[in-house]
Amino acid sequence: MIIDYETFRVRADALVQRLAEACRAAGRDPAAVRLLPVTKTQSAAAADYVARYGLPAIGENRVQEAVDKQAQTAAPVRWELIGHLQSNKARLAAAHFDRVQSVGSEKLLNHLDRAAGELGKVLPVLLQINAGHDPAKSGADPAEAAQLLAAALARNHLRVDGLMTIAPLSADPAVARRTFASLRAIRDDLAGRFGVPLTELSMGMSGDWEAAVGEGSTQVRVGTALFGARG
Ligand SMILES: *Cc1c(COP(=O)(O)O)cnc(C)c1O
């Protein structure tokens, strides 16, 4: 069952304040890091909470779950796909999401490009990079990132906004920090080599967003710290 709106508001206020403090501690402008509430496993009311609070977008990690919720809410939010996407769901994803953050292979990229073309749209994407070399996580290997970006830039119906990563689960906070620093270094390298800004660095979750802010995250994806543990 979802928490009530007041509980959400109090948690969101606290998180927004801590985010701003972390930005200042890192010498960054608080406006440079956006909060993406992750509403997976929560009811469609979570999207209404987010819109009522005044945030513009939510993250979902399953296509069908998001499609079902979209039918149950008119919340004026953008929907971002942050979870693993199979090629056979690319068409549905391109139709129902405003951005796909989990593009980690050329195969998926080609499916999304074709689907977006058929829909007559340009689909914003992030390239998901397995910057922590975590065998449990999806995303392109850092060594393949340049090839993936080249392929994405050659497509007509995709717009590459930047990169996304998920840090390995670890009791040692230095692991997440290293992962985020590595994603930023990969971005800086690719942006220079390809002459594209790649401004978005989607990194940081409930347990590690402070380290991500310190390493240049532009968007933290937060679920449990806002909505509580998933059932
Ligand atoms: C679930 C999820 C999140 C949010 O995780 P929390 O730990 O609940 O904040 C962020 N990013 C991705 C890709 C996710 O799947």
Side-chain angles (χ1 to χ4, degrees), residues 1-5 7-9 11-12 15 34-105 107-109 111-116 118-119 121 123-130 134 136-140 158 161-167 169 200 202-209 219-231:
M1 223 187 50
I2 191 163
I3 53 170
D4 60 24
Y5 177 74
T7 305
F8 172 80
R9 189 189 61 75
R11 286 182 186 164
L15 185 57
R34 277 162 308 100
L35 172 59
L36 183 75
V38 174
T39 51
K40 68 185 185 201
T41 78
Q42 304 296 334
S43 71
D48 298 319
Y49 290 5
V50 170
R52 181 171 165 194
Y53 190 76
L55 291 168
I58 59 178
E60 282 281 335
N61 76 333
R62 286 172 188 273
V63 178
Q64 192 58 51
E65 183 181 335
V67 170
D68 292 345
K69 287 179 194 175
Q70 286 171 3
Q72 297 166 45
T73 173
V77 289
R78 284 183 282 105
W79 296 72
E80 302 215 20
L81 182 62
I82 59 175
H84 181 66
L85 175 60
Q86 282 168 338
S87 296
N88 62 6
K89 295 250 177 73
R91 206 192 147 77
L92 197 60
H96 285 268
F97 285 90
D98 299 288
R99 186 160 73 173
V100 176
Q101 299 202 1
S102 43
V103 181
S105 74
K107 183 181 173 204
L108 178 58
L109 205 144
H111 278 84
L112 284 172
D113 180 64
R114 195 178 319 133
E118 285 166 12
L119 293 162
K121 69 195 251 186
L123 180 68
V125 298
L126 301 183
L127 303 182
Q128 184 179 350
I129 308 298
N130 190 356
D134 182 350
K137 295 284 185 320
S138 47
L158 302 178
D161 289 344
L163 308 181
M164 182 271 240
T165 200
I166 306 170
L169 263 183
E200 191 85 288
S202 174
M203 52 190 201
M205 311 184 3
S206 291
D208 56 19
W209 62 261
Q219 182 190 75
V220 294
R221 310 176 306 265
V222 177
T224 48
L226 286 171
F227 296 105
R230 287 180 284 273

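For clarity, every value in this text was computed on a predicted model and none was experimentally measured.
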Just verifying a value: how many Å separate [X] [atom1] and [Y] [atom2], rounded to the nearest 0.5 Å?
| X | Y | atom1 | atom2 | result |
| --- | --- | --- | --- | --- |
| Asp113 | Leu108 | CG | CG | 11.0 Å |
| Trp79 | His96 | CH2 | NE2 | 11.0 Å |
| Leu81 | Glu65 | CG | CD | 11.0 Å |
| Asp208 | Leu169 | CG | CG | 8.5 Å |
| Thr7 | Ile2 | OG1 | CD1 | 10.5 Å |

Got [X] and [Y] here, is their nearest side-chain heavy-atom distance under 4.5 Å?
| X | Y | value |
| --- | --- | --- |
| Leu35 | Val220 | yes |
| Val103 | Leu158 | no |
| Val38 | Met205 | no |
| Leu123 | Val100 | yes |

task: Determine, step by step, whether Asp68 and Gln64 satisfy the side-chain hydrogen bond (donor to acceptor under 3.5 Å, both in side chains) criterion, reporting the C-alpha distance in whole Å, the side-chain angles of both residues, the deciding distance to 0.1 Å, and the verdict.
output: CA-CA 6 Å; Asp68 292 345; Gln64 192 58 51; 3.0 Å; yes

Taking all non-hydrogen atoms of both residues, which atom of [X] and which atom of [Y] are closest, and how far apart?
| X | Y | value |
| --- | --- | --- |
| Pro37 | Leu226 | CB-CD1, 3.8 Å |
| Pro124 | Asp98 | CD-O, 3.2 Å |
| Ala140 | Gly104 | CB-O, 3.4 Å |
| Ser206 | Gly223 | OG-N, 3.7 Å |
| Phe97 | Val63 | CE1-CA, 4.0 Å |

- request: Test Met203 against Met164 for side chain to side chain contact (heavy atoms under 4.5 Å, CB included), laying out the working first.
  value: CA-CA 6 Å; Met203 52 190 201; Met164 182 271 240; over 6 Å; no

field: Atom CG of Leu119 with >12 non-hydrogen neighbours under 6.0 angstrom
entry: yes

field: NZ (Lys137) with more than 12 external heavy atoms under 6.0 Å
entry: yes

task: For His111, enumerate each residue passing the side-chain contact (heavy atoms from CB on, under 4.5 Å) test, keeping only those at least two apart in sequence or located in another chain.
output: Ser87, Ala90, Lys107, Arg114

- request: Return the set of residues passing side-chain contact (heavy atoms from CB on, under 4.5 Å) with Ala75 (not counting sequence neighbours), or none when no residue passes.
  value: Ala47, Asp48, Ala51, Thr73, Val77

field: Arg9 to Tyr53, cation-pi by 6.0 Å centre distance and 45° axis angle
entry: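 No; the conditions do not both hold, so Arg9 does not lie above the ring face of Tyr53.
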
Val125/Leu109 under side chain to side chain contact (heavy atoms under 4.5 Å, CB included): CA gap, chis, key distance, verdict: CA-CA 9 Å; Val125 298; Leu109 205 144; over 6 Å; no

message: Determine whether Thr39 and Tyr49 satisfy the following criterion, side chain to side chain contact (heavy atoms under 4.5 Å, CB included), listing intermediate values before the conclusion.
response: CA-CA 10 Å; Thr39 51; Tyr49 290 5; over 6 Å; no

Indicate yes or no for a side-chain donor-acceptor contact from [X] to the backbone of [Y] under 3.5 Å, with no hydrogens or angles considered.
| X | Y | value |
| --- | --- | --- |
| Lys69 | Gln42 | yes |
| Arg78 | Ala57 | no |
| Ser138 | His84 | no |

- prompt: Hey, mind stepping through Ser102 and Ile82 against side chain to side chain contact (heavy atoms under 4.5 Å, CB included) and telling me if it holds?
  reply: CA-CA 5 Å; Ser102 43; Ile82 59 175; 6.0 Å; no

message: With side-chain hydrogen bond (donor to acceptor under 3.5 Å, both in side chains) as the criterion, how do Ser202 and Arg221 come out once you've worked through the C-alpha distance, each side chain's angles and the decisive distance to 0.1 Å?
response: CA-CA 7 Å; Ser202 174; Arg221 310 176 306 265; 3.0 Å; yes

- request: Report the residue from Glu200, Gln219, Gln128 that forms a side chain to side chain donor-acceptor pair (under 3.5 Å) with Gln101.
  value: Gln219

task: State plainly whether the residues Glu60 and Arg62 are in salt-bridge range, i.e. N to O under 4.0 Å.
output: no

- prompt: How are the rings of Phe8 and Phe227 set to each other: parallel, tilted or perpendicular (split at 30° and 60°)?
  reply: parallel

